[in-house]
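These notes are about the structure you will find just below.
Lettering follows sequence order; numbering is per chain, from 1. What you see is a predicted model, and the numbers here were worked out from it, not measured in a lab. Computed from heavy atoms alone, side chains included, the values below leave out hydrogens, waters and symmetry copies.
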Amino acid sequence: MAFSWMLPKIPVAAAAAAAQCRSFSVSAAAAAIQKLTRVRVVDNSTLGNTPYHRPPKVIHVYNKNGVGKVGDVVLLAIKGQKKKALIVGHKMPGKRMTARFDSNNVVLIEDNGNPTGTRIKAPIPTHLRRLEGDYSKLLAIAQRFV
Amino acid sequence: NHSSPRSRRLNASLFTQLNKQIKLLLNNNSSFEEHIFNSIYYVCFQLYSTICFFCPAGSLSFNLDLLVSLLRQENAEDICVIKVPEEIRYTEFFIVVSGSSTRHLRAMAQYTIKVYKFLKRDSDSHVHIEGKDAEDWMCIDFGSMVVHFMLPATRETYELEKLWTLRSYDEQFSSIPNQSIPADFIYDAETK
């Protein structure tokens, strides 16, 4: 389950109340994905969906600069293990006419490139198809395209 | 012009001569590398001459019929072609194919690429094999068609045919529990 690490700490009613009666404006962080960002796993793999007290964090981005955009492979630390994953959406606005997501979405991947889960519920951007890389497997198990 | 009668006769005679020569070479006790080279040459020449015989230049295009007949020729098991509806703007045809072993999958994929490269026009983009180093799943994306070569076990785990025919009514998809977002989740980013 995504965001399981956020839920138990703050009682839900108090959080909702706190959100409504804030006297300051809140802005979300809108950066791309780099080391130590917390990400949300969007496929139906067991590793991504079992609740754990710590969120999955990026520990390495396989890129020339350490900033990950859509289509980049990253190394995650999930449940005390290292796992590769592919970025399918981030909060940072990208090119015009490409989707911007409200959460940093990631799909778990094996070392040989096969996806760990079998279905992806979250929408996947279609411009992945035009990028250089092996994305057909993710597009094959995706349910919604954006 | 390749298909004039004179050139066809020339081609035929050349073909039979070369055929005999290559068969002799193959039957001799040549070394392993020579054997491979000769067999590849034989296959390429066969392909080239078949295409030159049976079509005037440019009429053979790499479409769905050709791809399916190619896969059948390669002994692909369980060829499944799904027509993808226009609303899903991904591709027109989604093809899933099984192979008996990793070597079989790799050979099928490489042969498909070889035929595509031979038949593509200059305006068509190049195509590469995705998942070349995976053992059980390889894909090729030709713009209007996507082919997936999988081992039967992998095919069972992913069940791509079910997903692409049933879309939202697929069992694996509906068994994903609904995810709830915490109440104080900050949605939008006010971008300057």
Query raised in the report: Non-hydrogen atoms of chain B under 4.5 Å away: do they reach the side chain of A:A142, the backbone, both or neither?
Result: backbone
Query raised in the report: How would you list, in number order, the residues of residues 75-85 of chain B that have a heavy atom less than 4.5 Å from chain A?
Result: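 Within residues 75-85 of chain B, near chain A: nothing under 4.5 Å.
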Non-hydrogen atoms of [X] and [Y] that approach each other most closely:
X	Y	answer
A:K121	B:P177	NZ-O, 4.3 Å
A:N112	B:D133	O-OD1, 4.0 Å
A:K137	B:A134	NZ-CB, 3.8 Å
A:V41	B:Q179	O-NE2, 4.4 Å

Give a yes or no on whether [X] and [Y] share a hydrophobic cluster (residues Ile, Leu, Val, Met, Phe, Trp, Tyr; joining criterion: side-chain heavy atoms under 4.5 Å apart).
X	Y	answer
B:L119	B:V147	yes
A:L128	A:M92	no
A:I59	A:I33	no
A:V107	A:I87	no
B:F93	B:L66	yes

**Report entry** Steps toward side-chain contact (heavy atoms from CB on, under 4.5 Å) verdict (B:E159, A:R119)
**Finding:** CA-CA 10 Å; B:E159 292 181 334; A:R119 297 287 185 261; 3.8 Å; yes
Requested in this report: Check whether B:S168 gets within reach of chain A through its side chain, its backbone, both or neither, counting any heavy atom under 4.5 Å.
Outcome: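 B:S168 touches chain A through backbone and side-chain heavy atoms alike.
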Report task. Tell me, for B:I140 versus chain A, whether the close heavy atoms (under 4.5 Å) come from the side chain, the backbone, both or neither. Result ->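 Neither; nothing under 4.5 Å.
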Query raised in the report: If you round to the nearest 0.5 Å, how far is CE of B:M138 from CG of A:D134?
Result: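 These two atoms lie 11.5 Å from each other.
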Query raised in the report: Atom CG in A:L139, atom OG1 in B:T91: separation rounded to 0.5 Å?
Result: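 Going from the CG atom of A:L139 to the OG1 atom of B:T91 covers 10.5 Å.
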Any idea which of [options] has the most non-hydrogen atom pairs under 4.5 angstrom with chain A?
options	result
B:L160, B:I88, B:D170	B:D170
B:E135, B:E130, B:H148	B:E130
B:G131, B:S175, B:S125	B:G131

Top of [options] for chain B proximity - count of heavy-atom pairs under 4.5 angstrom:
options	value
A:N114, A:I141, A:T126	A:N114
A:S103, A:A140, A:P115	A:A140
A:G117, A:G113, A:S136, A:G133	A:S136

Requested in this report: Report, as yes or no, whether the 6.0 Å neighbourhood of atom NZ on B:K120 holds more than 12 heavy atoms from other residues, nucleotides or ligands.
Outcome: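 More than 12 within 6.0 Å, yes.
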Query - Side-chain donor or acceptor of B:R167 paired with backbone N/O of A:Q143 under 3.5 Å - result: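 Such a contact is found between B:R167 side chain and A:Q143 backbone.
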Query raised in the report: Going by the angle between their ring planes, with limits at 30° and 60°, are A:F145 and B:W164 parallel, tilted or perpendicular?
Result: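 Ring orientation, 0 to 90° scale: tilted.
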